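The structure presented is a predicted model; accordingly, all values stated were derived computationally and were not measured. Below, read A as the first sequence line, B as the second, and so on, with proteins coming before strands; counting in each chain starts at 1.
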Amino acid sequence: MNSVTVNGLWCKKCGICVEYCPAKVFTAEKDGTPVPAYQEKCTGCGICVLRCPDFALDVGVDVDDGKR
Amino acid sequence: MSSIKYDDYLLKDKLPLFWCGGCGNGNVLGSILRAFANLKFKRQKTVVVTGIGCWGKADDYINTNTFHGTHGRALAFATGIKLANPDLNVIALMGDGDGATIGGNHLIHAARRNVDITAVLVNNFNYGMTGGQYSGTTPEHSFTSTSRYGHIEEGFDLCKLAAAAGAPFVARGTVYGITQLDKLVEQALCKKGFSFVEVITPCPTHFGRLNGLKTASLMLNWIKENSVTKNQAEKMSDGEIRGKFVTGVFVDVDKEDYSTRYKKLQQRAAEAVEGGCDK
């Protein structure tokens with residue numbers, strides 16, 4: 001499974017990852033903090049990494065995924 | 001993501017970024033750093049020159065040589081740096097207030113001289129750092145802190161300005177079209193001569209708040225809805241194209257750059273001195 005991590009110190013809760021993730025991996029807390037709640041849906045496209053204005057997201061793509 | 005390697009060029013200990021939540025400057029910074037990594041730019045041979053303003057803070061996060069100049073003069077300093085050492089890769093970062101309004105004259109003359117500089121101008125339609133006053137690119141009828149009843153001036157089309165001034169590479173991208181922007185920045189960095197990239201970027205804090213676009217996603221969607229490609233624009237009438245952001249490469253021609261011409265001039269002058277000046 002791909003792993004999505006949010007750097008809470010760098011994130012400014014702008015909501016771009018929540019809005020633009022094509023697989024809808026993120027949910028937002030009341031204050032806007034993004035939570036990668038549905039990591040199993042992540043396709044590893046990396047668009048959130050490109051779209052995040054604060055370098056706060058990282059996607060670890062599981063290269064073995066699908067082989068097992 | 002193995003293709004994204006900006007780590008060598010990003011000063012991570014300076015993060016979080018200074019800019020507001022939803023500001024597109026971080027995306028443009030990412031594009032530039034990815035282009036540096038893809039083109040394997042040597043940190044020691046690269047100089048990033050900035051002026052004043054929100055985007056002028058970008059040099060704080062870049063792990064190359066950097067020069068933080070005065071308001072509107074980034075291109076003037078960049079020209080000096082390039083002429084003193086033509087082997088350096090010189091990149092000038094300017095905002096619309098910095099590069100198009102206060103330093104507008106430097107922009108047209110750097111383009112005319114064709115100094116081998118890559119200029120990345122981030123256009124957020126207002127002076128963000130000082131409280132959202134209108135700038136030379138603020139669109140007509142839009143609201144800023146100094147145009148509360150709607151702006152009565154028309155904004156500059158900076159790409160047309162740079163093209164008319166003779167720049168051999170002129171392009172416009174948006175923060176919404178981030179993959180296209182990556183390519184445009186890379187093309188601009190590879191180009192010998194003055195290369196100009198305008199980037200349409202969201203400013204939800206000032207411009208967005210007063211124009212009904214106060215969240216980052218509303219502003220990004222506004223940019224998306226108003227962006228048209230160069231090919232689409234060619235089929236549109238003048239009325240339809242008004243207020244749209246035309247994206248793509250507008251000029252890409254080969255021209256001898258200033259440093260090459262200057263080197264030739266030096267040789268001619270040296271020959272004239274050695275041969276004795278008969279005339």
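Taking B/Q180 as the reference, B/L184, B/T247 meet the side chain to side chain contact (heavy atoms under 4.5 Å, CB included) condition, with sequence neighbours excluded.
Remark: side-chain polar atoms of B/N27 are paired, donor with acceptor, to backbone N or O of A/R51 under 3.5 angstrom. Distance alone, capped at 3.5 Å, is enough to place a donor-acceptor pair between the B/D98 side chain and the B/G72 backbone. Under the 3.5 Å distance criterion, the side-chain polar atoms of B/K12 are left unmatched by any main-chain donor or acceptor of B/D7.
The CG atom of B/L88 sits 8.0 Å away from atom OG1 of B/T46, with the distance rounded to the nearest 0.5 Å. Here OG1 of B/T205 is found 10.0 Å from CE of B/M219. Values are rounded to the nearest 0.5 Å. Taking NZ from B/K183 and OG from B/S31, the interatomic distance works out to 11.5 Å, rounded to the nearest 0.5 Å.
Between B/A233 and B/V246, the shortest heavy-atom distance links the atoms CB-CG1, 3.7 Å. Taking both residues in full, the closest heavy atoms of B/L93 and B/V48 are given as CD1-CG1, 3.6 Å, listed atom of the first, atom of the second, then distance.
Of the atoms belonging to B/V175, it is backbone heavy atoms, and not side-chain ones, that fall under 4.5 Å from chain A. Using a 4.5 Å cut-off between heavy atoms, B/D182 contacts chain A through its side chain alone, with no backbone atom that close. Residue contact with chain A, scored on non-hydrogen atoms closer than 4.5 Å, involves the backbone and the side chain of B/S217 alike.
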(request) Show your working on side-chain hydrogen bond (donor to acceptor under 3.5 Å, both in side chains) between B/N126 and B/T144 and close with a plain yes or no. (result) CA-CA 7 Å; B/N126 71 108; B/T144 67; over 6 Å; no
(message) Does B/W222 form a ring pair (Phe, Tyr, Trp, His ring centres under 6.0 Å) with B/Y176? I'd like the steps, not just the answer.
(response) CA-CA 9 Å; B/W222 175 73; B/Y176 180 80; over 10 Å; no
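A 6.0 Å sphere centred on CZ of B/F143 holds more than 12 heavy atoms belonging to other residues, nucleotides or ligands.
Taking the six-membered ring for Trp, A/F55 and B/Y6 have ring centres closer than 6.0 Å. Between B/F125 and B/F245, a ring centre-to-centre spacing shorter than 6.0 Å is recorded.
Of residues 26-38 of chain A, not one residue has a non-hydrogen atom less than 4.5 Å from any non-hydrogen atom of chain B. Applying a 4.5 Å heavy-atom cutoff, the residues of residues 9-24 of chain A that approach chain B are A/L9, A/W10, A/K12, A/C14, A/I16, A/E19, A/Y20. Residues of residues 51-71 of chain B never come within less than 4.5 angstrom of chain A, heavy atom to heavy atom.
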